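Here is the naming used below: chain letters follow the sequence lines, and residue numbers restart at 1 for every chain. Worth saying up front: this structure is predicted, and the values here are computed from it rather than measured.
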Amino acid sequence: MNSFQEKVYEIVKKIPKGKVLTYKKVAQRAGRSKAWRAVGNILAKNKNPNIPCHRVIRTDGKIGGYNKGARKKIELLREEGNIIKDGKRFDSKK
DNA sequence: CTAATGACCATTA
DNA sequence: ATAATGGCCATTA
């Protein structure tokens, strides 16, 4: 079944380790540049463990939410080499 | 079909 | 810096 949700899943699945995408970017890649809200909803209801939904963060650099808790999400992102401070992600580049 | 929901975004105060 | 407001879209009840 083809749907926006499936596209989102595919995109999130393809996010490499140590990299993160914003909800907006995922929406753009999915073909609905303004459907960031729907993206959040889909990931929120997502139960598929194959999808690293913890690699999707907000545009402001904040982490956003997570099924298992935002705290856990931050932990996972740190494990992947990301720099997070005060609930915000700082890019490695200067 | 309509209405409500939400892991959001941008603007304004 | 934070808080409130409006907009935006797929999904669900």
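- For C/dG7, the paired nucleotide is B/dC8, the pair qualifying as Watson-Crick or G-U wobble because both relevant distances are below 3.5 Å.
- Distance, A/I51 CD1 to B/dA7 C1': 14 Å, rounded to whole Å.
- In the set C/dG7, B/dA7, C/dC9, the nucleotide with an atom closest to the side chain of A/A35 is C/dC9.
- In a base pair of the Watson-Crick type (N1 to N3 plus N6-O4 or O6-N4) or a G-U wobble (N1-O2 and O6-N3), with each distance short of 3.5 Å, C/dA13 is matched with B/dT2.
- When atom types are taken as modelled, the side chain of A/N67 and the backbone of A/K47 share no donor-acceptor pair closer than 3.5 angstrom.
- Taking the side chain of A/A38 as heavy atoms from C-beta on, and the options C/dC9, B/dA7, C/dG7, the nearest nucleotide is C/dC9.
- Counting to the nearest Å, the P atom of C/dA10 and the CD1 atom of A/I11 are 14 Å from each other.
- Within the 4.0 Å cut-off from OP1 or OP2 of B/dA7, not a single side-chain nitrogen or oxygen of A/R58 is found.
- A/K45 comes within 4.0 angstrom of sugar-phosphate atoms only, judged by non-hydrogen atoms across all strands, and of no base.
- Picking from B/dA10, C/dT11, C/dA1 the nucleotide with the shortest atom distance to the side chain of A/K88 gives C/dA1.
- Using a 4.0 Å heavy-atom criterion, one finds that A/N67 contacts the bases of the nucleic acid, with or without backbone contacts as well.
- The interatomic distance linking A/K34 (NZ) with C/dT11 (C1') rounds to 20 Å, in whole Å.
- B/dA7 atom P lies 18 Å from atom NE2 of A/H54, rounded to whole Å.
- To the nearest angstrom, P of C/dG7 lies 19 Å from CG of A/N41.
- Phosphate proximity of B/dC9 to A/R37: absent, as no side-chain N or O sits under 4.0 Å from OP1 or OP2.
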